[in-house]
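Residues: numbered from 1 along the sequence shown.
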Amino acid sequence: MLRLTDLRLPLDHSEQALTDAIAARLGIAAADIAGHTIAKRSYDARKRGGIELIYSLDIDTPREAEILARLGAAEAVADTPVTGTSAARKPAGPSPAPASTGKVLPTPDTAYKFVGRAPASLPLRPIVIGMGPCGLFAALILAQMGFRPIVLERGKAVRERTVDTFGLWRKRVLNPESNVQFGEGGAGTFSDGKLYSQISDKLHHGRKVLTEFVQAGAPEEILYVSKPHIGTFRLVAMVENMRATIEALGGEIRFSQRVDDVLIENGRLRGVVTADGQQLRADHVICALGHSARDTFKMLHERGVYMEAKPFSIGFRIEHPQSLIDAARFGPQAGHPILGAADYKLVHHCRNSRSVYSFCMCPGGTVVAAASEPGRVVTNGMSQYSRNERNANAAIVVGISPEDYRPYDDSGSPLAGIALQRHWEAQAFALGGGEYEAPGQRVGDFLAGRASTALGAVQPSYTPGVRLSDLSASLPDYAIAAIREALPAFDKQIKGFAMADAMLTGVETRTSSPLRITRGVDGHSLNTRGLFPAGEGAGYAGGILSAAVDGIKAAEAVAMSLLGGSGRAA
C-alpha cells in the first residue's frame, strides 16, 4: 500500500473526483487504482466559503514499486535543503509555492506490537487502581497479554454510576463515591468523548486505542477524522463492552473498592488495603487514580510515595449560541454535515504575565456539575455524539503554578494545589446558594464589573441550575483580571465571543491534576518499586486519548518488569 498525504479537494467533491485526484497525483490511470482507504481527513477553513478537505489516503495499486521509484526519488530531491555554494546561486525573491506539500510513501505499519506474553503461572496478579481511560486500557493490554489483572474501582459500574450522576444534576444529591469523577469509565465518560491529543506517539499507541474503541462500538470514522469524538451515551456501552473483553480474558473487575492504604516494605510495594479492610498482595500495581482522588493522594503522600506539585489551570465555563461559533468559523458553509458543529482553540498572553486559553471545548453541548466532594461546586463540559444542543461551551482558564498555592497551604506540601482547588470550589458553592447551583454571570456584566441580575439571549445549560452573581469573588484577583483582558482579545478572533449575553459559569478547577506522582523511565515510582503511576491523576496525561495511551505504556512497563526486561522497549 502507498500512503498519499495532503490531497486537497473542495468540501462537496464527488467520490469520482477523489479517485481522479489520486490518479493525477500518482501519475497513473484511474483503472490502476485497485482501491483506497482514508487514513486521515481534516479540513482547512481559513478561506471563508472555500473550505477544503485534506486527505491522507492508503492506495492499493499494482504499480506501487514504479510509483515509489518515480515520485519517492523526486520528493527526496525536492526536500533536500539548499546549502553552501548552491544557496548562493539560488535566484533572489520568494520561490513559487509547490503544487502540493504532500508525499507518497509506503503505508506505515501501525499495528500494535505486544511486549510479550505472560508466563504459564504468576505468583501474584498485577493490580490496576482505577477504571478511567488509563486504568481501562492498562487492564485491557495486561489481559490481552495473559496477565489476568485485578481492577479496583472505587466507584460503581457505569450504568449505576450514571443514575448517581443524574441524582446530582436533577435532585441535588451528591454521592461522593459515584459521580462525574468516580466510577467505571472515569471523568471522560461524562465529556465530549474527544479522542485527539498532541502527544508524541511513535509506536502508534493512539491507533491501538482507537481500534479498540471501534471494536467496542465506536463509529469507524474515529479512525480517520482529524478530531474524532464519541459522546457520552455511546461511551457508556463501549466501556461495558471493554469490561466484558477484559473479563473474558481472565481479568477481574471489582467495583466499590476504594484503596485506602498501600503496603510498602523497604521501598517496595507489596500490596494494597481496600476500604473494607481486605489486603491484596501484589508486587505490581498501576496507580491510575484520575485527577480528583484527593484522599488517595493524601494517603500515598503519608506513606512516603514521592510526588511533587505541578501547574494546572482554573477558570470558568463560557457558553455561546453554537450558531454563532459555526458562522464565525465556517462562514456560508456553516451547517455542512461533514463539518458538523464548529469548535475553537484560543490563547491570550496577558499583561500580568498570565496565559488564558480555551480548554475542553464542547460544541453543541452542555455545562455539567462535576463535584466529587460535598459542599463544593465544580463545572465541566459534555456533548453527545450528535453535538446538536443549542449552546457551545468551553473552559476559559488561567494557568497557575505552585507559587500560587502558598496562600492556601504554605507548608511546601505537594498537596497544596488541592487546598487551592477546595477553597475556590467551596466559594462557588456559597455563591451559588449552597444547593449545588453554580454562580453565573453574563459576559457583559463581568467585563463591566457588575453583578448580573437577569439572563440574556444565552440560557445557561448547567444543572442543577445557575444563580446570577458577581464572579469576581469566585477566583483570585489575578485570574479575574486575566480573563477580563482575554475575552475582548478572543472577540477579535471569533466575532461575538465577548457578546454581552454570553454566559460564564463557575468554577472550572479540575483541568488536570495539581500534582505529579513522579516515575522513572522504567515506569516505577521514583522511590517505591512496584508502584506504576499513570494517567491524569499521576500528572502524565490530559484527556481520554492521552490517558489511554499512558495506560498502555504502564501495562507494558509492568509486563517488562514481570518478564525480567525481555521484550520490545516500551
Distance under 6.0 Å and angle within 45° of the ring axis: does Arg516 meet both against Tyr540?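 Yes, Arg516 lies over the aromatic ring of Tyr540.
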Would you check if the side chain of [X] reaches a backbone N or O of [Y] as a donor-acceptor pair within less than 3.5 Å?
X: Glu536; Y: Gly543; value: yes
X: Arg234; Y: Gln384; value: no
X: Arg125; Y: Arg148; value: yes
X: Gln257; Y: Leu152; value: no
X: Asp201; Y: Gly206; value: yes
X: Glu153; Y: Gly183; value: yes
X: Ser513; Y: His291; value: no
X: Lys208; Y: Lys113; value: no
X: Ser461; Y: Val367; value: yes
X: Arg268; Y: Asp283; value: yes

Stepwise, does the side chain to side chain contact (heavy atoms under 4.5 Å, CB included) test hold for Leu57 with Leu18? CA-CA 10 Å; Leu57 301 134; Leu18 179 58; 4.1 Å; yes
If I take atom [atom1] from residue [X] and atom [atom2] from residue [Y], how far apart are they, to the nearest 0.5 angstrom?
X: Ile246; Y: Ile253; atom1: CD1; atom2: CD1; answer: 4.5 Å
X: Thr509; Y: Trp424; atom1: OG1; atom2: CH2; answer: 12.0 Å
X: Thr518; Y: Tyr306; atom1: OG1; atom2: OH; answer: 5.0 Å
X: Ile517; Y: Thr296; atom1: CD1; atom2: OG1; answer: 9.0 Å
X: Arg270; Y: Ile264; atom1: CZ; atom2: CD1; answer: 11.0 Å
X: Asn391; Y: Ile318; atom1: CG; atom2: CD1; answer: 11.0 Å

Between [X] and [Y], what is the shortest heavy-atom contact and its length?
X: Ser56; Y: Asp6; result: OG-N, 4.2 Å
X: Asn393; Y: Gly365; result: ND2-C, 3.6 Å
X: Gln181; Y: Ser372; result: CG-CB, 3.8 Å
X: Phe147; Y: Pro119; result: CE2-CD, 4.2 Å
X: Gly506; Y: Val377; result: O-CG1, 3.6 Å
X: Met145; Y: Val115; result: SD-CG2, 3.7 Å

Before we go on, tell me: are the rings of Tyr385 and His229 under 6.0 Å apart, centre to centre? yes
Quick check: Phe359 with Phe312 (ring centres under 6.0 Å apart)? no
Pairs of donor and acceptor atoms involving the side chains of residues 162-169, under 3.5 Å and at least two apart or interchain, shall be tabulated with distances.
residue: Thr162; atom: OG1; partner: Val158; partner atom: O; Å: 2.8
residue: Asp164; atom: OD2; partner: Lys156; partner atom: NZ; Å: 3.0
residue: Asp164; atom: OD2; partner: Ser178; partner atom: OG; Å: 2.7
residue: Thr165; atom: OG1; partner: Arg161; partner atom: O; Å: 3.0
residue: Trp169; atom: NE1; partner: Ala369; partner atom: O; Å: 2.9

So do [Y] and [X] actually touch side chain to side chain, heavy atoms under 4.5 Å?
X: Ser256; Y: Glu177; value: no
X: Thr245; Y: Gln215; value: no
X: Ile150; Y: Arg254; value: yes
X: Thr463; Y: Arg170; value: no
X: Val273; Y: Asp260; value: no
X: Pro126; Y: Ile286; value: no
X: Ile338; Y: Leu53; value: yes
X: Phe532; Y: His284; value: yes

Salt-bridge present ([X], [Y]; N to O < 4.0 Å):
X: Arg159; Y: Glu240; value: yes
X: Arg529; Y: Asp522; value: yes
X: Asp550; Y: Arg519; value: yes
X: Lys345; Y: Asp343; value: no
X: Asp295; Y: Arg154; value: yes
X: Lys298; Y: Glu302; value: yes
X: Glu319; Y: Arg317; value: no

Name all residues meeting the side chain to side chain donor-acceptor pair (under 3.5 Å) criterion together with [X]; count only those two or more places apart in sequence or in a different chain, and write none if there are none.
X: Asn179; value: none
X: Arg294; value: Glu373, Gln421, Glu425
X: Tyr55; value: His13

Per side chain to side chain contact (heavy atoms under 4.5 Å, CB included), Lys194 is matched among Cys360, Pro228, Ser383 by Cys360
For residues 132-141, run the donor-acceptor check on the side chains, cut-off 3.5 Å, and write out each pair with its distance to 0.1 Å, sequence neighbours left out.
none

Give the intermediate values and the outcome of side chain to side chain contact (heavy atoms under 4.5 Å, CB included) for residues Lys310 and Ser512. CA-CA 10 Å; Lys310 78 167 190 57; Ser512 66; 3.2 Å; yes
Step by step, work out the side chain to side chain contact (heavy atoms under 4.5 Å, CB included) result for Phe255 and Arg243. CA-CA 12 Å; Phe255 294 110; Arg243 183 216 309 167; 3.9 Å; yes
Can Ser313 and Tyr357 be counted as having a side-chain donor-acceptor contact under 3.5 angstrom?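 There is such a pair (donor and acceptor under 3.5 Å, judged by atom type) between the side chains of Ser313 and Tyr357.
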Non-neighbouring partners of Lys40 that pass salt bridge (Lys or Arg N to Asp or Glu O under 4.0 Å), sequence neighbours left out: none
Show the numbers, then the answer: is there a side chain to side chain contact (heavy atoms under 4.5 Å, CB included) between Val368 and Phe190? CA-CA 9 Å; Val368 300; Phe190 297 96; 5.5 Å; no
Over 60° means perpendicular and under 30° means parallel, so tell me whether Tyr436 and Phe429 are parallel, tilted or perpendicular. perpendicular
